[in-house]
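In what follows, a single structure is set out as structure tokens and then discussed.
Worth saying up front: this structure is predicted, and the values here are computed from it rather than measured. We count residues from 1, following the sequence as given.
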Amino acid sequence: MKQNTQRHIFLLLSGLILIFVFSLLATSVFAQHKLPTSERLENVAARVLPRLEKEFAEKGLRLGSPVFIRVFKASSELELWAATINGFKRFKTYPICNFSGELGPKLKEGDRQSPEGFYKVTRGLMNPNSHYHLSFNLGFPNAYDRALGRTGSFLMIHGSCVSIGCYAMTDAGIEEIYLAANEAFKNGQEAFDVHVFPFRMTDENHSQQTSSEWSDFWQNLKEGHDAFEKTGMPPSIEVANQRYVIVKTPNFGEVANHLFRQKPQQNEVD
């Protein structure tokens, strides 16, 4: 009788532990999909969104459409693109206020180098409570960086014009960029791509860098750059044998599905 009682207690405790573990896992998954907000973001949205929506419309774009970002180090430029049914169209080019290091990838924690490569930003990487006004984490190191043993953390695009390995924008610039991405998330985009290049990846510019130790790496980046230039669609990119590999370029129909799936996620905003 005593053994049966102990067995029942053990099973009960085991069940409670499993419920607790599954609850933690569910909470973690929900947190990854929850779009963070803050009083600061709400104030920025109230002030900037009406004007931003008008500017999008003037360029034949819709605020809330999927977004895509390209960064070019040498010219200190960030391009914000928005989707249309005919592919992505550039909304605006913003000056990068500050970034760290030289041309070339980030290799290790503390090298004060801003990264280069193909990154994907999910809603959990958005930070409306940043010490640098508003920010989003690039997700460095990605699978490619990890395959090469590269280390680093909290590599972001943010405001405040101060950089230690990040890409710093003006506050006015990051407000527009952040809000465009935030509205895209609200409207159903699961993640947006950020492609970071050392320079404008023309054949001429690349030919001038053949003596660089990063020439092969930059040629690999150029493949992704050229795929977008050719199709107007950010390609799907994976990593194999320590290289970026273009596995697919989405078609215009997939963009159209995003554009017309009116699914504002108001329940995710406090």
With rounding to the nearest 0.5 Å, note down the distance linking CG in Leu148 to CD in Gln242.
-> 4.5 Å

Treating Ile, Leu, Val, Met, Phe, Trp and Tyr as nodes and any side-chain heavy-atom pair under 4.5 angstrom as an edge, say whether Ile157 and Phe154 lie in one connected cluster.
-> no

Residue pair Leu63 / Ala180: nearest heavy atoms and the distance that separates them = CD1-CA, 4.0 Å

So do the side chains of Val71 and Ser114 get within less than 4.5 Å of each other, counting heavy atoms only?
-> no

Could you tell me whether a side-chain N or O of Asn205 sits under 3.5 Å from a main-chain N or O of Met201, the two making a donor and an acceptor?
-> no

Check whether any side-chain heavy atom of Pro105 lies under 4.5 Å from a side-chain heavy atom of Phe217, and answer yes or no.
-> yes

Side-chain heavy atoms under 4.5 angstrom apart, residues restricted to Ile, Leu, Val, Met, Phe, Trp, Tyr: same cluster for Val196 and Leu155?
-> yes

Donor-acceptor pair, Lys186 side chain versus Gly188 backbone, under 3.5 Å?
-> no

Okay, side chain of Asp193, backbone of Lys120: is any donor-acceptor separation there less than 3.5 Å?
-> no

Is there a chain of hydrophobic side chains (I, L, V, M, F, W, Y, each step under 4.5 Å between heavy atoms) that links Tyr178 to Tyr94?
-> yes

Whether Phe68 and Phe88 hold their rings parallel, tilted or perpendicular, with breakpoints at 30° and 60° | perpendicular

Would you call Lys59 and Phe91 a side-chain contact if the rule is heavy atoms closer than 4.5 Å?
-> yes

Measuring from Leu61:CG to Glu53:CD, what's the distance to the nearest 0.5 Å?
-> 12.0 Å

Rounded to the nearest 0.5 Å, how far apart are CE of Met233 and CG of Asn86?
-> 11.0 Å

Heavy-atom pair of closest approach, residues Pro115 and Lys73 = O-CE, 4.1 Å

For Gln113 and Glu102, indicate whether the former's side chain and the latter's backbone hold a donor-acceptor pair under 3.5 Å.
-> yes

With no hydrogens and no angle check, is any side-chain donor or acceptor of Ser38 less than 3.5 Å from a backbone partner on Pro128?
-> yes

Decide side chain to side chain contact (heavy atoms under 4.5 Å, CB included) for Ile246 and Glu223; before the verdict, give the C-alpha distance in whole Å, the side-chain angles of both, and the deciding distance to 0.1 Å.
-> CA-CA 8 Å; Ile246 299 171; Glu223 295 171 15; 4.1 Å; yes

Lys/Arg N to Asp/Glu carboxylate O, Glu175 vs Arg51, below 4.0 Å = no

Evaluate the side-chain proximity of Arg40 to His133: yes if any heavy-atom separation is below 4.5 Å, no if none is.
-> yes

Arg200: what forms a side-chain hydrogen bond (donor to acceptor under 3.5 Å, both in side chains) with it, not counting sequence neighbours?
-> Glu77, Glu79

Do you know which two heavy atoms are closest between Gly224 and Pro235, and how far apart they sit?
-> O-CG, 3.9 Å

Around atom CD of Glu58, are there more than 12 heavy atoms of other residues, nucleotides or ligands at under 6.0 Å?
-> yes

Report yes or no: do Ser100 and Ser163 form a side-chain donor-acceptor pair below 3.5 Å?
-> yes

Does a side-chain heavy-atom distance below 4.5 Å link Glu116 with Trp214?
-> no

Nearest 0.5 Å, what's the OG1-CZ distance between Thr151 and Phe140?
-> 7.0 Å

Glu238 atom CD: more than 12 heavy-atom contacts under 6.0 Å | no

Is the ring centre of Phe228 less than 6.0 Å from the ring centre of His195?
-> no

Do Val194 and Ile96 share a hydrophobic cluster (ILVMFWY, side-chain heavy atoms under 4.5 Å, transitive)?
-> yes

Could you check if a side-chain atom of Phe56 sits within less than 4.5 angstrom of a side-chain atom of Arg62, using non-hydrogen atoms only?
-> no

Across all chains, not counting sequence neighbours, the side-chain contact (heavy atoms from CB on, under 4.5 Å) partners of Ala74 are Leu103, Phe199

Pairwise distance OG1(Thr37) to CE(Met126) - rounded to 0.5 angstrom = 10.5 Å

Any idea which heavy atoms bring Asn98 and Val162 closest together, and the distance?
-> ND2-CA, 4.4 Å

To the nearest 0.5 Å, what is the distance between CD1 (Ile174) and CG (Leu78)?
-> 8.0 Å

Out of Phe72, Trp218, Tyr167, which residue meets the ring pair (Phe, Tyr, Trp, His ring centres under 6.0 Å) rule with Phe197?
-> Phe72

With Asp145, which residues qualify under side-chain hydrogen bond (donor to acceptor under 3.5 Å, both in side chains), at least two apart?
-> Tyr119

Heavy-atom side-chain proximity of Phe99 to Ser76 below 4.5 angstrom = yes

Determine whether the aromatic ring centres of Phe185 and Phe136 lie less than 6.0 Å apart.
-> no

Before giving the answer on side chain to side chain contact (heavy atoms under 4.5 Å, CB included), spell out for Ile177 and Leu134 the whole-Å C-alpha distance, their side-chain angles and the decisive distance to 0.1 Å.
-> CA-CA 10 Å; Ile177 297 162; Leu134 300 169; over 6 Å; no

Any donor-acceptor pair under 3.5 Å linking the side chain of Ser215 with the backbone of Ser212?
-> no

Considering all heavy atoms of both residues, which atom of Val121 and which atom of Asn137 are nearest to each other, and what is their separation?
-> CG2-O, 3.6 Å

Side chains of Asn129 and Leu41: does their closest heavy-atom pair fall under 4.5 Å?
-> no

When you look at Met156 and Leu125, which way does the side chain to side chain contact (heavy atoms under 4.5 Å, CB included) test go after all the steps?
-> CA-CA 9 Å; Met156 300 172 288; Leu125 295 178; over 6 Å; no

Side chain Asn220, main chain Arg243, donor-acceptor under 3.5 Å = no

Over all atoms of both residues, closest heavy-atom pair of Ala184 and Ser65 = CB-O, 3.3 Å

Taking it one step at a time, do Arg150 and Tyr144 satisfy side chain to side chain contact (heavy atoms under 4.5 Å, CB included)?
-> CA-CA 9 Å; Arg150 295 175 179 172; Tyr144 175 89; 3.5 Å; yes

Does atom CD1 of Ile164 have more than 12 heavy-atom neighbours from other groups under 6.0 Å away?
-> no

